[in-house]
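See below for the structure under consideration.
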Amino acid sequence: MIILVNGAEKELKVIDNGIEYTEDLLAMYDELKKDSNGNYIMSDDDFIWWDNMADMLNEMYRLADDLDGYTRAEYDATDFNSRGGLDLVDETQARLDWLKLHVA
């Protein structure tokens, strides 16, 4: 997905199971803003945050794709938000940490 950041085109992409869902992700967090020409826009700070988040999510999905059947079942059964109230960064980081320990 192309986003204008201070007039410069930058790409933001999150892919899970071969499907890009960047636009849906940003819409879910109410981050889709458009300029008068209909271009998606974002501030530098917001883009940097989402770009880092996209990197984390993409790494998480790549690692999860490498799980074998047993480990996949364990991953799917793990409650990464058991304390409740984790934000996107905390939950994604918890998933990444788990995956890094369990993917050979």
Side-chain angles (χ1 to χ4, degrees):
M1 142 174 235
I2 300 299
I3 299 172
L4 292 181
V5 180
N6 291 330
E9 288 186 356
K10 296 192 176 188
E11 185 174 29
L12 193 61
K13 189 181 288 190
V14 179
I15 299 173
D16 183 19
N17 290 322
I19 299 169
E20 181 183 354
Y21 77 101
T22 315
E23 190 170 335
D24 292 336
L25 176 68
L26 293 176
M28 184 170 42
Y29 286 92
D30 199 27
E31 290 291 329
L32 288 179
K33 310 286 189 274
K34 289 188 175 185
D35 65 11
S36 59
N37 295 320
N39 300 307
Y40 290 116
I41 57 172
M42 198 175 276
S43 71
D44 279 327
D45 289 341
D46 286 345
F47 184 85
I48 290 167
W49 191 92
W50 279 104
D51 193 40
N52 290 330
M53 189 73 246
D55 288 344
M56 288 176 62
L57 287 166
N58 287 325
E59 181 181 8
M60 181 187 75
Y61 295 134
R62 279 191 302 274
L63 289 170
D65 285 345
D66 291 338
L67 294 174
D68 61 28
Y70 175 79
T71 311
R72 166 56 77 179
E74 186 180 351
Y75 176 73
D76 289 343
T78 301
D79 183 1
F80 293 98
N81 198 5
S82 61
R83 295 178 309 226
L86 288 182
D87 66 10
L88 181 60
V89 173
D90 292 337
E91 182 178 347
T92 303
Q93 189 62 59
R95 289 176 179 276
L96 262 175
D97 292 345
W98 191 98
L99 287 162
K100 287 176 182 178
L101 287 173
H102 293 85
V103 174

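Any value given below was found using the heavy atoms of this structure, including those in side chains, with hydrogens, waters and symmetry copies removed.
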Find the distance between [atom1] ([X]) and [atom2] ([Y]) and round it off to the nearest 0.5 Å.
X	Y	atom1	atom2	value
I2	N39	CD1	CG	10.5 Å
I3	M42	CD1	CE	4.0 Å
R72	H102	CZ	NE2	13.0 Å
T71	L101	OG1	CG	12.0 Å
L63	R95	CG	CZ	13.0 Å

Please report the shortest heavy-atom distance between [X] and [Y], naming the atom on each side.
X	Y	result
M53	V89	SD-CG2, 3.8 Å
M1	E20	N-OE2, 3.0 Å
D46	E31	OD2-OE1, 4.2 Å
A27	L32	CB-CD1, 3.6 Å

Look at the side chain of D35 and the backbone N and O of N37, then say whether any donor-acceptor pair between them is shorter than 3.5 Å.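 Yes: the side chain of D35 pairs with the backbone of N37.
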Backbone N/O of L88 and side chain of T92: donor-acceptor pair under 3.5 Å: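 Present.
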Suppose we call two aromatic rings close when their centres sit under 6.0 Å apart. Are F47 and Y40 close by that rule?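 No.
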Quick one: hydrophobic cluster around L4, which other residues, with the 4.5 Å side-chain cut-off, linked directly or via members?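 Its cluster mates, by chain and number, are I41.
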Would M28 and M60 show up in the same hydrophobic cluster when neighbours are defined by side-chain heavy atoms closer than 4.5 Å?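 M28 clusters together with M60.
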Donor-acceptor pairs under 3.5 Å, side chain of residues 8-18 to any protein atom, not counting sequence neighbours: which ones?
{"residue": "E11", "atom": "OE2", "partner": "K13", "partner atom": "NZ", "Å": "3.4"}

Classify the ring geometry between W98 and F80 as parallel (under 30°), tilted (30 to 60°) or perpendicular (over 60°).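 Geometry flag for F80 against W98: perpendicular rings.
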I need the full list of side chain to side chain donor-acceptor pair (under 3.5 Å) pairs touching residues 47-67, with sequence neighbours left out, sorted by first then second residue.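 Every side chain to side chain donor-acceptor pair (under 3.5 Å) pair that includes a residue of residues 47-67, provided the two are not neighbours, is Y21-Y61.
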